[in-house]
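First the proteins, then the strands, lettered A, B, ... as listed; each starts at 1. The structure displayed is predicted, hence computed values, not measured ones.
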2 protein chains.
Amino acid sequence: MAGSAHRPQPRSSPDGRTAQTRAALIAGAIAALREVGYAGASAREIAARAGCNQALVFYHFGSVSGLLLAALDDISARRLAAYTGLLARSSSLADLIDSARAIFHEDLESGHVAVLVEMITGAASTPGLGEQVAERLAPWRTFAAEAVRQGLAGSPVEALLPADDLAHAVVAGFLGLELLANLDGDLGPALALFDRARQVATLLDFAGSVPSARPGGRS
Amino acid sequence: MAGSAHRPQPRSSPDGRTAQTRAALIAGAIAALREVGYAGASAREIAARAGCNQALVFYHFGSVSGLLLAALDDISARRLAAYTGLLARSSSLADLIDSARAIFHEDLESGHVAVLVEMITGAASTPGLGEQVAERLAPWRTFAAEAVRQGLAGSPVEALLPADDLAHAVVAGFLGLELLANLDGDLGPALALFDRARQVATLLDFAGSVPSARPGGRS
DNA sequence: GTCTATACTTGGATAGAC
DNA sequence: GTCTATCCAAGTATAGAC
């Protein structure tokens, strides 16, 4: 039931004027969240960026938070598709770290994770919004767990750090790095961290390929 | 120069009515940031929690963001004192992880890190606020670097992960875990992570105490 | 130092013309 | 479906009484 409210007749052609307006509003919402944060993402601010009228926010999305959630949906869909593609193409842990670095870099430059972070923290001021944001974060967490499972398959790390625990840390790490990079306007430290992780990953890839180097390995 | 504006005569006795009001406003600001976020932390909202008049926010702190920064200063001072005490009492890496877990738990329950996170993300909507928040975050980062340096002294991890890089990851991790725990209303996964880290730390403590287990060790 | 009252601004939301 | 006009609520900030 959540999500079905205030959707006007989607009867017009797939990329008619209506769809264009909705898309422009979503793009404007993303830009606003990125540049002026949740507190600054008002209907007027967003409409100005979309080049249309403030009233259309309410016509198409019912409320400002309705639009912000739609923007989050939009980002999630596009980002997860990109992530999944990268994951499928990674055959080693080092590959996976490289992919994660590329994802982080791209997301940061385009501000996608910033939008997510703003929504998570901003949700506190709007009753009921927290649950809806959490729902939309769920697929990212599932994806992280899958990536970790794939990257650690057969690694000695598995025994020490279960995939689910590590996945939680990975998501938290992404969000935290984004927070700091955004505040500092400098993603250097975060990228340096990925480079270090890559070195460790290379070691683990090697350890995984040498059976005798796996303590407790039984197969 | 920033910070000296709008400070009314501190001529009254140290814990006179003035100091009480200022303290109540700061406490109200912290509670508001924690419960309704940056976007909801208005002068009226804060004054209501402080049990005083809205106009006093401007009299004592000049503006709402002035008060919020004062609140952040207050938290930083008290938290860093507590952290430093814990650090001084930790003699092994496992001890340090235990301390970190205790810090995280306490901060989360009391909402101190939530305040920091709200200020970091909320700063985007108020020009110039970002730099001031960054200034106040700096001591936390310095502390993290010291803790990491102390915890890793003589550990084989040092060669792979320089202390500064790791410290950046630790701060990002804290902020990210806070973000998730706050959204979910569940700090279980974060605490589980600390437990895992503690296990690894115990291993490293052991490795550090056995010279032959340190590859490349030269002393 | 603290309060009441108020000026001014911005934002959410709706009605109705086109 | 989009716009203009408008209402109302909430927010920042100041003036002036006490």
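Of all the heavy atoms in A:L160 and B:Q199, the pair that sits closest is O-OE1, 4.3 Å.
On a pure distance criterion of 3.5 Å, no polar donor-acceptor pair joins the side chain of B:R17 and the base of C:dG1.
Put simply, CZ on B:F58 is 15 Å from C1' on C:dC3, counting in whole angstrom units. Atom CZ of A:R44 and atom C1' of D:dT4 are 12 Å apart (whole Å). The CG atom of A:N53 sits 14 Å away from the P atom of D:dT6 (whole-angstrom rounding). Rounded to an integer number of Å, the gap from B:L67 CG to D:dG11 P is 15 Å. Put simply, CG on B:L56 is 18 Å from P on D:dC18, counting in whole angstrom units. The interatomic distance linking A:Q54 (CD) with D:dT4 (C1') rounds to 11 Å, in whole Å. The CG-P distance, from A:L68 to C:dG11, rounds to 14 Å in whole Å. Atom OH in A:Y59 sits about 19 Å away from atom C1' in C:dG12, given to the nearest Å.
Within the nucleic acid shown, A:A55 comes within 4.0 Å of at least one base atom, counting heavy atoms only. Across all strands, B:V64 comes closer than 4.0 Å only to sugar-phosphate atoms, never to a base (heavy-atom distances).
A close approach under 4.0 Å does occur between a side-chain nitrogen or oxygen of B:T18 and OP1 or OP2 of C:dG1. Look at A:S63 and you won't find any side-chain N or O under 4.0 angstrom from OP1 or OP2 of C:dG12. At the phosphate of C:dT10, neither OP1 nor OP2 sits under 4.0 Å from any side-chain N or O atom of A:S42.
Using cut-offs of 30° and 60° for the angle between ring planes, the B:F194 and B:F104 rings count as tilted. Ring-plane geometry between A:Y83 and A:W140 is classed as perpendicular, the angle between the planes exceeding 60 degrees on a 0 to 90 degree scale with a lower cut at 30.
You'll find the side chain of A:R49 reaches within 4.5 Å of the side chain of A:E35, heavy atoms only.
The side-chain contact (heavy atoms from CB on, under 4.5 Å) with B:T121 is formed by just one residue from the set A:L183, A:N182, A:T121; it is A:T121.
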